[in-house]
Structure formats: structure tokens, C-alpha cells
Amino acid sequence: MAEDKALTPRSENFSAWYNELVQRSELAGHTPVRGCMVIRPHGYAIWELMQSALDGMFKATGHQNAYFPLFIPESYLKKEAEHVEGFAPETAVVTIGGGKELEERLIIRPTSEAIIWPIMADWIQSYRDLPLLINQWANVVRWEMRTRPFLRTLEFLWQEGHTAHATAEEAEAEALLILDIYRKFMEEWMAMPPVVGVKAEWDKFAGALRTYALEALMQDNWALQAGTTHNLGQNFAKAFDVKYQTEAGEHEYIWSTSWGVSTRLLGALVMTHSDDQGLILPPKLAPLQAVIVPIYKSDGQKTNVLEASDRLKSKLEGTLRVKLDDRDTVSPGAKYYEWEGKGVPFRIEIGPKDLEKQQVTVVRRVTMDGEQRKFPLAENEVLTRLPELLDQMQSDLYEATLRRREENSYRGISDYDEFKRIVSTTGGFIYTGYCGREECETRVKDDTKATIRLIPDEAFRSESVPATCICGGKAQYEVVWARAY
RNA sequence: CGGGACGUGGCGCAGUCCGGUAGCGCACCUGAAUGGGGUUCAGGGGGUCGCCGGUUCGAAUCCGGCCGUCCCGACCA
């Protein structure tokens, strides 16, 4: 990495810290067009690990991958009224093709419902064709005013699931199934436990019956919507005439869902775990889980040390993702900084002193609970201990993040002054009673910049909820507030 | 689109007020010594100073216009 100055401290200017970090750690790159996305190999390697984990979970639950067109005829997008209203302001439109003005303008997909359903309609004839469980890995374009690396870019990579079901109950179950898959992925792979729930009526996906969301708390105590699943009811089926014949021979509209997570998760990962030294990656999503740094002076030492390093690398390969950094042109100290900055969970040093004692020195990227950062390990012990250490670090990160989330969650808040104080000082998730009126949220938003993130699912609900809304009215249900990206 | 700032090697900047033919740090290349927490020294390559026009013997610098970017608002995964 080798940079000229230290990162802006995370506590001082979180945004600057984040922007510098994604550049320095070679996740993102500069782009000639404002707000477009460049994912460098290091960032993409993380994305690939995310992809393969998610893809495995989708396939294990019967989903199949497919691919649909990038261009959506404008008339298609207009078929679902709420959908077009929601997305039209942020679409990019192609008006010329092959040098000629097009008869019909083409929308570059902001999401694919409007192109997928006209196509999949032909795939569905009978109840025997259902459920149809399709997923697409693709890029989409949403022309946002303000952009931020990974969190909000004009173009982003994502997966979008689109499913068709015979009954309302099945569609609802699908939306909840995927919600659960997302939650598990975020908890078990990203070590980022989100709060899960349903979006307010006016905040749901354009065209959806119901939108479920997963909200994660970043280190600056702002919330980030990390994923959503939608029960689309029969809205899109009716707009695109997607029907099937029942066992009884009648024609019925299908019930559909859609759901997605994007490269925004890369940003979430950085904002959840990293520090002033650089990236911190949970071992399961670290492209390199350990790097071996040989240390030597004389040629004789070099031969022995490199031989031992190479032997160790061969031993570890196949069990974990390991690299031997045998560059002769970079000093060991420089290597430490470089790999730490890139978030490699463990560094293994092998030098003359280690060889004497038949050991290697293992250094963990982050220390927690006073655990020592650096410790020697007998050479033949590494193969069995290192996977354990990786698991330990994975769960330590999860525990620390969960603890941070709970320490920054405020439940049972009913006093508006206290609410404002929390928002403007510490920030975090604020649980309150809520009257259910949109105007109430709008007023709080204008006042404090905090918004309703979601109505929490049972598992996240408070034991007791204030009887009064934060606006003073009668509370109908509980909501979670936060300032959000 | 409103308010503010800025455009100078790959990156970060100085120089602009007061015109004189472009400089610093990092990165890059070469060589030597180094090597258990960003090595050191020496040498080297790379820029029509955002664009167009004007003033001038002479413009990164002054004047006019245009373009672009970033930050603060409105919009959002």
C-alpha cells in the first residue's frame, strides 16, 4: 500500500476516513464519471466470497440463476404505476442506438421487475410450473444526486431474486425465507448483526405490498440498509398479466416476490469493522486469511527462512487462504503495514530466531479482551491452531459488533427532548412507540434528520413499548429510528 | 437547480496577490548498503499548469467566457 500519510482518524471524520480507506486498501478506484463504481481486484475478491456464500444459500433453497436484458422498453416500466413513479426520477435513458433516434426509449434497468415479468410470464402456464424461483447477478443503474463509494453509486452490482408463487402465503413465506438467509449471511459471514423488520407503508419498494429490511449500525452510529426483501402481492402479476392455470382449471394471477443485496455490503463491511490502521476483514470474507512474512539478513539465513516459509505455505494451502510474501524488494516492516491495511486477519513471521526455536510468530490483526496480539507457535502446531484462531476471530468480531449495536440501542424512549439529545449526541438505534402517521415521521425527520428505519420483527421488539408516540399521540406499534446513509 | 470552494506529473499540494518560461512530498525507475514495525544515501524519468479567447516583448499568474470537480441543501439501496 505504502501511503504518504496516516488515515484521517475514524473518530474525527468518519466519512473522510471511509473514503480514504476504500481507496488506500485498494477496494475501490477512481472513475472518470462522477459516482460510477470501480471495484479493484482486492474489493472484487471480497465480493466473490460474498457472492459464492449467498449463491450457495439460494441454491440450497431451490433457487436458480438466470440472466435478463439490461434495457427495459419505456412502456414496460410504465405498466406498474407505483413502480414507474418510484424509479422514473432516477433512471438513465437510451434515446439513440446505432446513430439513429429510437422509436421507443430504452431504460437502463434500475431493477428488473419490469423486464423479467413479461419474459417469465411465458415460462408459467400451470400450477405445476410454480413456484418459479429465479435469481440474477447483474448490474443496475440508478441516477443518484449524491454518491458515496459502494454505499451509493450510479451503477452497482447486485443479486436480485424474483419468484412466482401460487398463493399469497407462499409469497410471504418466500420473502421471510430470504430475509432470514440475509440475516444469517450478515451475522455469520460479515460478523454484522442487523436489526430486522418491516418498512413503513410509505417507505416500501415501489410496487410492493410489503418490504422487509435489514438495518445494520455502522461505527459512527448511523444506520445502513443492508438488504431488502419484498412481497409484491399480485401487483406485478396484474401489470404484466402473469397467470397460471390451477388444478381446478381456473386462471389465476401469480403472487411474486423480489429481493436483493448489492455491493453496498462491501461498504457496510468496511464501516462495521475497520479501524485507523486500515481494513479489518472477518476471516470468512478475507481473500487472504494469513500472510507469511519471511525475515532474514544473510544469504544463509535467507535460504533457510524461505525454505521453512515455503514448507509452511504448502502445509497450510488447502486448509486456508494463505500467501507467502517473499518479495525481496520490500522490507518486513513495510509488508506488515501493507497487509494490515488490507485487512489480512493473521500474519505469520518466520525469521532466524523462530527457526532456532522451531516456532513461528503469529500476529492477529485485531486484539480483543486483552488477548495477546503476538505469540509464538510451534511449527507443526500451526496447521491445527490457525483454523481455530480464524474461527475465534470471526466470532470475536461478531460479538464485538453485536455488543456495540446493543450499547448504542435506546429502548422505550417516549420523551422527545431525550430523543433529540440521543440523535444529536451519540446517535444509534432509538426504539419508540409510534402513532403510524407519515406526517409525524416527516416532522421528526425535518427536525432531527433521523428517520424510521423499520418496524422491528418480534425477535427485536422491546419487552415494553411506550404507550405514547414520540410526537405525543397514541402509539400503535414500535419503530426503530436512526440517522441513515 | 440554490449557497461555498477548487481545477498545476499517477496521488496530495505550493507557486497566482506583486507576470520572467514550473517546484515540493509520496509513488515510479537505476545503483549500493540495509532487513524482527513504514530503511538510508546517491542518481533518474514523467506536467502543452481544465478549455477557448484577450492584454503583454513575455501569462500557471492579469481580464472575459466556457467546461469540470468537490463540499453544504433537495433525491436515495
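For the numbers below, each heavy atom of this structure counts, side chains included, while hydrogens, waters and symmetry mates do not. Residue numbers start from 1 in every chain, and the chains themselves are labelled A, B, ... in the order their sequence lines are given, proteins ahead of strands.
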Grab the [atom1]-[atom2] distance between [X] and [N] for me, whole Å please.
X: A:Met145; N: B:U69; atom1: CE; atom2: C1'; answer: 15 Å
X: A:Lys335; N: B:G36; atom1: NZ; atom2: P; answer: 11 Å
X: A:Gln301; N: B:G35; atom1: CD; atom2: P; answer: 10 Å
X: A:Arg148; N: B:C75; atom1: CZ; atom2: P; answer: 16 Å
X: A:Ile348; N: B:G37; atom1: CD1; atom2: P; answer: 18 Å
X: A:Arg327; N: B:G38; atom1: CZ; atom2: C1'; answer: 12 Å
X: A:Ile350; N: B:G35; atom1: CD1; atom2: P; answer: 19 Å
X: A:Ile295; N: B:G37; atom1: CD1; atom2: C1'; answer: 10 Å

By salt bridge (charged side-chain N to carboxylate O under 4.0 Å, His left out) - contacts of [X] (at least two apart):
X: A:Glu174; result: none
X: A:Lys323; result: none
X: A:Arg365; result: A:Asp275

Decide whether [X] and [Y] meet the rule of one side-chain donor and one side-chain acceptor closer than 3.5 Å.
X: A:His230; Y: A:Thr211; value: yes
X: A:Glu441; Y: A:Trp202; value: yes
X: A:Thr432; Y: A:Trp481; value: yes

Base B:G37 to side chain A:Arg373, donor-acceptor N/O within 3.5 Å cut-off: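 For A:Arg373, whose side chain was compared with the base of B:G37, there is a donor-acceptor pair (under 3.5 Å).
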Please confirm whether any donor atom in the side chain of A:Glu338 sits under 3.5 Å from an acceptor in the base of B:G38, or the reverse.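 No pair found.
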Take A:Tyr296 and A:Asp328 through the side chain to side chain donor-acceptor pair (under 3.5 Å) test and state the conclusion after the steps. CA-CA 10 Å; A:Tyr296 47 79; A:Asp328 205 14; 2.8 Å; yes
For A:Glu144 and A:Gly351, find the nucleotide of RNA chain B closest to each by heavy atoms; which residue's nucleotide sits nearer the 5' end?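 With A:Glu144 and A:Gly351 compared, the 5'-side residue is A:Gly351.
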For A:Lys353 and A:Leu154, find the nucleotide of RNA chain B closest to each by heavy atoms; which residue's nucleotide sits nearer the 5' end?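 Closer to the 5' end of RNA chain B: A:Lys353.
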Any base atoms under 4.0 Å from [X], or only sugar-phosphate, or nothing? Heavy atoms, all strands.
X: A:Leu151; value: base
X: A:Ser15; value: nothing
X: A:Tyr485; value: nothing
X: A:Lys449; value: sugar-phosphate
X: A:Asp328; value: base
X: A:Gln225; value: sugar-phosphate
X: A:Arg347; value: base
X: A:Thr361; value: base

Can you tell me how far [atom1] in [N] sits from the matching atom in [M], rounded to whole Å?
N: B:C51; M: B:A33; atom1: P; result: 46 Å
N: B:C28; M: B:G23; atom1: P; result: 22 Å
N: B:C71; M: B:G36; atom1: P; result: 40 Å
N: B:C18; M: B:G46; atom1: P; result: 35 Å
N: B:C49; M: B:G68; atom1: C1'; result: 16 Å
N: B:U8; M: B:C13; atom1: P; result: 9 Å
N: B:A60; M: B:G9; atom1: C1'; result: 14 Å
N: B:G44; M: B:G58; atom1: C1'; result: 32 Å

Could you pull out all donor-acceptor pairs under 3.5 Å where a side-chain atom in residues 186-198 of chain A meets a protein atom, sequence neighbours excluded?
unit_1, atom_1, unit_2, atom_2, d
A:Glu187, OE1, A:Arg183, NH1, 2.9
A:Glu187, OE2, A:Arg183, NH1, 3.3

For B:G36, does either OP1 or OP2 sit under 4.0 Å from a side-chain N or O belonging to A:Lys297?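 Negative; the distance criterion is not met.
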Applying the 5.5 Å / 30° rule, does A:Tyr336 stack onto the base of B:G37?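 No.
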Scan residues 258-288 of chain A for pairs that pass ring-ring contact (aromatic ring centres under 6.0 Å, His included), counting only residues two or more places apart or in two chains.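 Output for this query lists A:Phe58-A:Trp259, A:His63-A:Trp259.
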Between which residue ranges does RNA chain B form stems of three or more consecutive Watson-Crick or G-U wobble pairs, both distances under 3.5 Å?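 Stem list for RNA chain B: B:1-7 with B:67-73, B:10-13 with B:23-26, B:28-33 with B:39-44, B:50-54 with B:62-66.
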Candidates B:U39, B:G37, B:G36 - which lies nearest the side chain of A:Pro352: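 Among B:U39, B:G37, B:G36, the one nearest the side chain of A:Pro352 is B:G36.
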Do we get A:Arg347 above A:Tyr336's six-membered ring, with its NZ or CZ under 6.0 Å from the centre and within 45° of the axis?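 Verdict for A:Tyr336: a cation-pi partner in A:Arg347.
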